Amino acid sequence: MLENIIVLLLAALPLMGSPGPATLSTAAVGSAYGAARGVPYLAGICAGTSTVLLIVASGITGVIFAVPGALPVITVAAAAYILFLAWKIATAPPLATRGEAGKAPSFVPGYLLAIANPKAYAAIGAVFSSVVVVEAELATDAVVKVVALTALVVAINTIWLLFGAAFARYLSSPRLGRAVNITFAVLLVVSVAAAVLG
């Protein structure tokens with residue numbers, strides 16, 4: 001079983017760890033607000049992605065997407081929310097000028113972005129269906145996958161938060177800090193467009 005879990009994690013790593021709405025927004029929050037103040041948002045991203053894992057594991061996604069007209073409505077709502085978050089990141093004062101002022105995104109925005117993230121459903125669905133961890137025991141297989149992938153989600157998003165925060169630490173110029181915030185916001189919008197149009 002351990003060998004199968006390693007195969008699962010190796011298959012999931014490039015899909016779940018590559019730049020996308022959750023990872024880029026986590027890095028952007030780290031850059032705009034610092035690692036410590038980004039932890040509530042990180043917790044929301046991890047909890048929301050774990051919720052997506054449970055939705056995919058239970059088969060609820062298939063039921064939701066089978067409802068006529070549901071997919072376009074969900075996609076537009078998700079894109080609108082992610083654009084709102086990108087705006088907040090782009091307009092956040094750079095750390096160099098803000099110090100500890102300014103309100104960082106909390107748990108709820110992170111959770112909402114994660115469950116609205118189209119890339120998460122595609123990546124998790126692909127990984128979930130491609131690797132069998134426990135043969136002939138569907139429920140046990142699903143539970144092991146959810147636990148293993150949740151641990152991976154926490155590790156990946158923590159690394160992205162720390163990457164963003166480390167990047168921001170070297171930005172003493174307010175103009176450069178603003179440029180980085182805007183760059184992260186643009187990358188977030190591009191990742192959403194790629195996920196929706198791809």
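Positions are given from 1, in the same order as the sequence printed here. Keep in mind the model is a prediction, meaning the values are calculated, not measured.
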Exercise. About how many Å separate OG of S106 and OH of Y111, when rounded to the nearest 0.5 Å?
Worked result: 13.5 Å
List, one per line, each side-chain donor-acceptor pair under 3.5 Å for residues 153-168, sequence neighbours excluded.
{"from": "N157", "atom 1": "ND2", "to": "V153", "atom 2": "O", "distance (Å)": "3.0"}
{"from": "T158", "atom 1": "OG1", "to": "V154", "atom 2": "O", "distance (Å)": "2.7"}
{"from": "W160", "atom 1": "NE1", "to": "G17", "atom 2": "O", "distance (Å)": "3.1"}

Problem set entry | G44 to A114 - nearest heavy-atom pair and separation | O-CB, 4.3 Å
For this session: Identify the heavy atoms of A12 and L152 that sit nearest to each other, and give their distance.
Result: CB-CD2, 3.6 Å
Problem set entry | I45 side, atom CD1; S50 side, atom OG - distance, nearest 0.5 Å | 11.0 Å
Can I get a per-line list of side-chain donor-acceptor pairs under 3.5 Å for residues 21-30, giving both atom names and the distance, sequence neighbours left out?
{"from": "T23", "atom 1": "OG1", "to": "S18", "atom 2": "O", "distance (Å)": "3.1"}
{"from": "T23", "atom 1": "OG1", "to": "G20", "atom 2": "N", "distance (Å)": "2.9"}
{"from": "T23", "atom 1": "OG1", "to": "G20", "atom 2": "O", "distance (Å)": "3.3"}
{"from": "S25", "atom 1": "OG", "to": "P21", "atom 2": "O", "distance (Å)": "2.9"}
{"from": "S25", "atom 1": "OG", "to": "A22", "atom 2": "O", "distance (Å)": "3.0"}
{"from": "S25", "atom 1": "OG", "to": "Y41", "atom 2": "OH", "distance (Å)": "2.7"}
{"from": "T26", "atom 1": "OG1", "to": "A22", "atom 2": "O", "distance (Å)": "2.7"}

Exercise. What's in the same ILVMFWY side-chain cluster as L10, cut-off under 4.5 Å, chained through other members?
Worked result: L2, I6
For this session: Return each pair, listed once, that meets salt bridge (charged side-chain N to carboxylate O under 4.0 Å, His left out) where at least one residue sits in residues 152-164; pairs must be two or more places apart or across chains.
Result: none
Problem set entry | Over all atoms of both residues, closest heavy-atom pair of Y121 and I55 | OH-CD1, 4.1 Å
Exercise. Which residues pass the side-chain contact (heavy atoms from CB on, under 4.5 Å) test with V134, sequence neighbours left out?
Worked result: M1, E137, T140, D141, V144
Problem set entry | Path from V147 to I5 over hydrophobic side-chain contacts below 4.5 Å | no
Exercise. Quick one: do V143 and V127 end up in the same hydrophobic cluster if we chain Ile, Leu, Val, Met, Phe, Trp and Tyr together by side-chain heavy atoms under 4.5 Å apart?
Worked result: no
Exercise. Can you list the residues that meet the side-chain hydrogen bond (donor to acceptor under 3.5 Å, both in side chains) rule with N4, with sequence neighbours excluded?
Worked result: none
Exercise. Between the main-chain N or O of L8 and the side-chain N or O of K145, is there a donor-acceptor pair closer than 3.5 Å?
Worked result: no
Exercise. If we only count heavy atoms from C-beta on, is the V39 to Y33 side-chain gap below 4.5 Å?
Worked result: no
For this session: Check whether any side-chain heavy atom of L13 sits under 4.5 Å from a side-chain heavy atom of L9, and report yes or no.
Result: no
For this session: Would you kindly confirm whether L149 and L42 end up in one hydrophobic cluster when ILVMFWY residues are joined by side chain heavy atoms under 4.5 Å apart?
Result: no
Exercise. Would F107 end up clustered with L54 when hydrophobic side chains under 4.5 Å apart are linked, directly or stepwise?
Worked result: yes
